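A short worksheet on the structure shown next.
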Amino acid sequence: MDFRSDTFTKPTPAMLEAMLNAPVGDDVFSEDPSVNELEARMSALFDMEAALYCPSGTMSNQVAIKVHTRPGDEVICSSLAHVYIYEGGGIAFNAGAQVRPLEGDRGMIAAADVEAAINPDDVHKARTTLVCLENTSNRGGGCCYDWEEIEKIRAVCDANNLQLHLDGARLFNALLATGQTAAQYGKTFDSISVCLNKGLGCPMGSVLLGSKAFIKEARRVRKKFGGGMRQAGYMAATGIYALEQHVDRLADDHAHAKMIAAALLEQTFVGHMLPVETNILIFEVHGGWTPVKFRDYLEREGIRVMAISPTQVRMVLHLDITPEMVEKTIGVIRTMA
């Protein structure tokens, strides 16, 4: 029972069958029919002009940032943003840009703070060109942006000639939890990266969305980053299958997360827990328990979780966690004191 991340899922038998039967070609020549179908489906879903299939969410984010910026520019994002703390310093390495990290709330930043962080037109200052949001926020415990705040940030970007990128690593979780629509996002962001290998259960892949001109340049940057792929349709087929079969079932993960959260909060050794909005739980342990001790205890019971700080544990629900596994996990938690 692996709760460490929703990246640990294995393809279902039906997904493997979709891979086996996928028509393929050479994607570098734009001739892989499965890749082309996935890109077309995603761009239509988000009402955006074009899409580009990438091996990972990190690559799609980094390609987007490279296209949107020039060396020496500044990117505004949360201090907890994946693009800032979990992509290997890629903004500096790949784009030659620097970051203005904002404190925010659980990885979400506010329009007023974005506006205050924009540098003046001064040769002594880096040129602010891009704002990056993350939805849901990984280090924020899977929390979701209020749509009104996103619209306010968009207005700030428009008023200051900034581009707006979304790291939508778990965007389908946010759409399901909030009732927001993919088309709303497509009309609001200049570019969106949507991971397929988290809640949707694919073995790899992310789709970058934007205008035709943006994606044309993104394809060139992907090639420079070493991301030219050949018969990638075998992997793209998993994304097509997931869009058809694995989106609505995310509600099960959200429900399971809330069930486990309720059991944890019954225990006196569990301290502050971030609000559980989607499929991620982040909580503190104390009273003789450390995150490492908590992790090791559960591992002896066949349950794997992550100690992510000196005080916090993370658990993530996904399609490989069955109701029976949730029930057993809750039972083990109730034996702890």
Side-chain angles (χ1 to χ4, degrees), residues 4-24 27 32-46 48 50-64 82-83 86-87 134-136 138 142 165-177 182 185-186 189 191-210 215 218-219 222 225 227 229-254 278-280 316-321:
R4 288 176 295 167
S5 176
D6 43 6
T7 60
F8 283 96
T9 57
K10 304 295 193 301
T12 64
M15 183 178 280
L16 290 170
E17 188 70 18
M19 295 170 67
L20 182 65
N21 294 319
V24 297
D27 180 54
D32 189 299
S34 295
V35 171
N36 293 344
E37 181 182 349
L38 174 62
E39 291 173 347
R41 285 193 183 209
M42 289 291 286
S43 58
L45 179 62
F46 283 86
M48 301 185 83
L52 180 68
Y53 184 52
C54 295
S56 69
T58 293
M59 178 176 280
S60 56
N61 282 329
Q62 291 299 314
V63 167
H82 193 280
V83 297
Y86 290 132
E87 297 188 4
E134 182 180 335
N135 204 19
T136 66
N138 175 17
H165 172 70
L166 177 68
D167 173 5
R170 295 178 175 88
L171 182 53
F172 282 105
N173 291 89
L175 296 179
L176 195 69
Y185 279 82
F189 286 85
S191 58
I192 302 174
S193 165
V194 183
C195 256
L196 304 173
N197 58 10
K198 293 187 172 70
L200 294 188
C202 298
M204 63 166 276
S206 178
V207 178
L208 180 61
L209 299 150
I215 293 299
R219 189 175 296 274
R222 187 190 70 172
F225 283 0
M229 298 183 287
R230 302 299 179 177
Q231 290 72 38
Y234 294 114
M235 290 294 109
T238 68
I240 295 169
Y241 178 85
L243 288 175
E244 295 173 346
Q245 304 295 331
H246 288 173
V247 174
D248 290 343
R249 64 145 309 279
L250 291 171
D252 296 338
D253 299 338
H254 299 179
T278 54
N279 66 321
I280 301 176
V316 185
L317 279 295
H318 50 78
L319 63 84
D320 280 1
I321 300 295

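From a predicted model like this one, the values you see are computed outputs, not experimental measurements.
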By side-chain contact (heavy atoms from CB on, under 4.5 Å) - contacts of Asp252 (at least two apart): Arg249, His256

Under the side-chain contact (heavy atoms from CB on, under 4.5 Å) test, which residues partner Phe8, sequence neighbours left out? Asp2, Arg4, Ser5

How would you list, by chain and number, every residue that makes a side-chain contact (heavy atoms from CB on, under 4.5 Å) with Met15, sequence neighbours excluded? Pro11, Thr12, Cys202, Pro203, Thr238, Tyr241, Ala242, His246

Side-chain contact, heavy-atom cut-off 4.5 Å: Phe46 with Ile192? yes

Qualifying residues under salt bridge (Lys or Arg N to Asp or Glu O under 4.0 Å), relative to Asp32, sequence neighbours excluded: none

Glu39: side chain to side chain donor-acceptor pair (under 3.5 Å) partners, not counting sequence neighbours: none

Of all the heavy-atom pairs spanning Arg222 and Asp27, show the shortest one and how long it is. NH2-OD2, 3.1 Å

Could I get the full list of ring pair (Phe, Tyr, Trp, His ring centres under 6.0 Å) partners for Tyr86, not counting sequence neighbours? His82

Sequence neighbours excluded, every pair satisfying salt bridge (charged side-chain N to carboxylate O under 4.0 Å, His left out) that has a member inside residues 6-18: Asp6-Arg170

To the nearest 0.5 Å, what is the distance between OG (Ser193) and CG (Leu171)? 9.5 Å

Taking all heavy atoms of Asn173 and all of Thr136, pick out the closest pair and write down the distance. CB-CG2, 4.2 Å

Can you sort out the partners of Tyr185 under ring pair (Phe, Tyr, Trp, His ring centres under 6.0 Å), two or more places apart, ordered by chain and number? Trp147, Phe189

Side chains of Ile215 and Leu208: closer than 4.5 Å at any heavy-atom pair? yes

Looking only at side chains, do His318 and Asn279 share a donor and an acceptor under 3.5 Å apart? no

Taking only residues two or more places apart in sequence or in another chain, which ones pass side chain to side chain donor-acceptor pair (under 3.5 Å) with Ser34? none

What's the separation between atom CG in Leu16 and atom OH in Tyr234, rounded to the nearest 0.5 Å? 14.0 Å

Assess whether side chain to side chain contact (heavy atoms under 4.5 Å, CB included) is satisfied between Leu243 and Ile240, documenting all intermediate values. CA-CA 5 Å; Leu243 288 175; Ile240 295 169; 5.8 Å; no

Can you find a heavy atom in the side chain of Met59 that is under 4.5 Å from one in the side chain of Ser206? no

Looking at Val24 and Pro33, what are the two nearest heavy atoms and their distance? C-CD, 3.7 Å

For Asp248, is the CG atom crowded, meaning more than 12 foreign heavy atoms sit under 6.0 Å from it? no

Per the salt bridge (charged side-chain N to carboxylate O under 4.0 Å, His left out) rule, what does the pair list look like for residues 195-206, sequence neighbours excluded? none

Just to verify, what does Glu37 make a salt bridge (Lys or Arg N to Asp or Glu O under 4.0 Å) with, not counting sequence neighbours? Arg41

Non-neighbouring partners of His165 that pass side chain to side chain donor-acceptor pair (under 3.5 Å), sequence neighbours left out: Asn61, Ser191

Look up atom SG in Cys54 and atom CG in Leu196, then write down how far apart they are to the nearest 0.5 Å. 10.5 Å

For a side chain to side chain contact (heavy atoms under 4.5 Å, CB included) check, start with the C-alpha distance between Met42 and Leu209, then their side-chain angles and the critical distance, and finish with the verdict. CA-CA 8 Å; Met42 289 291 286; Leu209 299 150; 4.0 Å; yes

Return the CG to CZ distance between Leu250 and Phe172, rounded to the nearest 0.5 Å. 8.5 Å

Can you see which heavy atom on Thr278 is nearest to which on Ala177, and at what distance? CG2-CB, 3.8 Å

Could you check whether any side-chain heavy atom of Val207 comes within less than 4.5 Å of a side-chain heavy atom of Ser60, counting everything from C-beta outward? no

